[in-house]
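For clarity, every value in this text was computed on a predicted model and none was experimentally measured.
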Amino acid sequence: MRLSKQERIGVLIILAVVIIGLGIFLFIVPAAQTIGTSLENRQNKENEYNAAVEKANQKGPLKDQILDAYKDGEHLADMFFSEMKSYEADAAFREFLGQCEAQVLVTSISVSAPGTATLSPNFPTEAQVTYDLKQYANQGVEVEEAVAKRLQRISQLATALGTSQTIGASTVSFNVKAKNNDELMKFVDEINNYVKNENGVDIRKALMLTSGVAIEYKDVTEKYDQMVDDLNGQAEEAGRQAIEAGIDGEYHYQPQAPQENPDNPDNPDDQKTTIEDTYVNSGMTLTFYTIERMQNPQAQLDAQDGGAAA
């Protein structure tokens with residue numbers, strides 16, 4: 001069977017289309033897919049490279065920021081003690097006593113095992129009296145600028161400091177004997193203002209009196225007790241005279257001269273005291289607050305720089 005010229009041309013056209021289609025399907029499409037994948041990989045690598053370059057550019061400033069932050073906080077922990085074992089807390093307490101100038105005698109020292117304590121920021125506020133008439137009177141009155149700034153500052157500090165922090169603590173309990181109340185209060189002041197020289201720098205240490213200090217003014221209480229006794233005696237005598245004068249209905253109170261009391265502490269001849277009676281005694285508990293120091297990051301940062309360079 002012979003094909004006409006037009007049929008042969010049609011067959012050739014169909015064969016050409018089939019060949020072109022197969023070529024596109026077998027060669028061009030896979031190549032296009034490979035090119036697309038390559039372009040995607042290239043874009044990913046470019047993104048990784050840009051991120052690495054950006055990170056490398058931030059490395060120097062970030063290192064400086066870390067070192068600056070460490071320098072700013074390097075001495076914040078100086079006022080706290082390093083974590084101490086019981087014998088170290090005992091030594092720290094005796095070191096404090098060594099520079100204490102108050103005339104006191106410390107006995108019965110007892111040191112606890114290391115533990116923790118919670119410190120919370122305290123922002124004292126003045127009590128405000130509030131009632132309806134006052135609120136009506138102050139309607140529309142703006143708060144003074146100074147007061148508003150102070151309240152704003154307190155709010156900012158409260159936000160920055162948070163609620164509370166748990167840190168280390170070691171406690172020392174003891175008994176104090178002072179020759180008078182003034183020396184006892186001087187001892188308390190030295191606790192509150194304890195300054196220790198470390199590396200040539202005087203640093204106020206985190207030492208706190210957490211219990212104790214019971215002050216009795218015996219000379220004042222004894223005077224009042226004596227006055228009460230005298231008044232009670234005069235009242236009893238007045239009552240007795242009133243009863244005796246009750247028959248004729250007339251009574252005139254005659255105050256009696258105070259009788260000498262052999263136990264009167266104002267009478268130096270009859271006063272019986274011992275040397276222990278002249279001391280002021282108080283049981284106290286002292287807390288040493290401790291914080292672990294932050295390590296200097298310089299060596300680690302330098303090592304990371306060396307590793308990156310290698």
Peer 1: Using side-chain heavy atoms (C-beta onward) and a distance below 4.5 Å, is Leu184 in contact with Ser282?
Peer 2: yes
Peer 1: Through direct or indirect side-chain contacts below 4.5 angstrom among Ile, Leu, Val, Met, Phe, Trp and Tyr, which residues connect to Leu39?
Peer 2: Ile35
Peer 1: For Gln43, what residues pass the side chain to side chain donor-acceptor pair (under 3.5 Å) criterion, not counting sequence neighbours?
Peer 2: Asn47
Peer 1: Got Ile167 and Leu119 here, is their nearest side-chain heavy-atom distance under 4.5 Å?
Peer 2: yes
Peer 1: Can we call the ring centroids of Phe174 and Phe93 under 6.0 Å apart?
Peer 2: yes
Peer 1: Is there a side-chain contact between Phe80 and Asp78, using heavy atoms and a 4.5 Å cut-off?
Peer 2: no
Peer 1: Can you name the nearest heavy-atom pair linking Met84 to Ser170, along with the distance?
Peer 2: O-OG, 3.8 Å
Peer 1: Just distance, no hydrogens or angles: give the donor-acceptor pairs under 3.5 Å from side chains in residues 109-116, sequence neighbours left out.
Peer 2:
{"unit_1": "Ser112", "atom_1": "OG", "unit_2": "Thr171", "atom_2": "N", "d": "3.3"}
{"unit_1": "Ser112", "atom_1": "OG", "unit_2": "Thr171", "atom_2": "O", "d": "3.3"}
{"unit_1": "Ser112", "atom_1": "OG", "unit_2": "Thr171", "atom_2": "OG1", "d": "2.5"}

Peer 1: If I compare all heavy atoms of Phe187 with all of Cys100, which pair ends up nearest, and what's the gap?
Peer 2: CD1-SG, 3.5 Å
Peer 1: Which heavy atom in Val104 sits nearest to a heavy atom in Ala178, and how many Å separate them?
Peer 2: CG1-CB, 3.8 Å
Peer 1: Just to verify, what does Ala117 make a side chain to side chain contact (heavy atoms under 4.5 Å, CB included) with, not counting sequence neighbours?
Peer 2: Ala169, Tyr289
Peer 1: Can you sort out the partners of Val18 under side chain to side chain contact (heavy atoms under 4.5 Å, CB included), two or more places apart, ordered by chain and number?
Peer 2: Ile14, Leu22
Peer 1: Can you list the residues that meet the side chain to side chain contact (heavy atoms under 4.5 Å, CB included) rule with Thr107, with sequence neighbours excluded?
Peer 2: Leu105, Asn175
Peer 1: Could you tell me which non-hydrogen atom of Ala206 sits nearest to which non-hydrogen atom of Phe81, and how far apart they are?
Peer 2: O-CE1, 3.6 Å
Peer 1: Taking atom CD1 of Ile291 and atom CE of Met79, what is their separation to the nearest 0.5 Å?
Peer 2: 8.5 Å
Peer 1: Is there a path of hydrophobic side-chain contacts, each under 4.5 Å between heavy atoms of I, L, V, M, F, W or Y residues, that connects Leu286 with Val195?
Peer 2: no
Peer 1: Quick one: side chain to side chain donor-acceptor pair (under 3.5 Å) pairs with a partner in residues 201-213, sequence neighbours left out?
Peer 2: Asn192-Arg204, Asn197-Asp202, Glu198-Lys205, Thr210-Thr287, Ser211-Thr285
Peer 1: Side chain of Gln103, backbone of Lys179: donor and acceptor closer than 3.5 Å?
Peer 2: no
Peer 1: Give every residue pair that meets the side chain to side chain donor-acceptor pair (under 3.5 Å) criterion with at least one member in residues 85-94, sequence neighbours excluded.
Peer 2: Asp90-Arg94
Peer 1: Can you name the residues that form a side chain to side chain contact (heavy atoms under 4.5 Å, CB included) with Gln99, not counting sequence neighbours?
Peer 2: Tyr194
Peer 1: Please enumerate all residues that pass salt bridge (charged side-chain N to carboxylate O under 4.0 Å, His left out) together with Glu46, with sequence neighbours excluded.
Peer 2: Arg42
Peer 1: Report the distance from atom CE of Met284 to atom OG of Ser108, rounding to the nearest 0.5 Å.
Peer 2: 13.5 Å
Peer 1: Could you give all pairs that pass the salt bridge (charged side-chain N to carboxylate O under 4.0 Å, His left out) test and reach residues 95-112, with sequence neighbours left out?
Peer 2: Glu95-Lys196
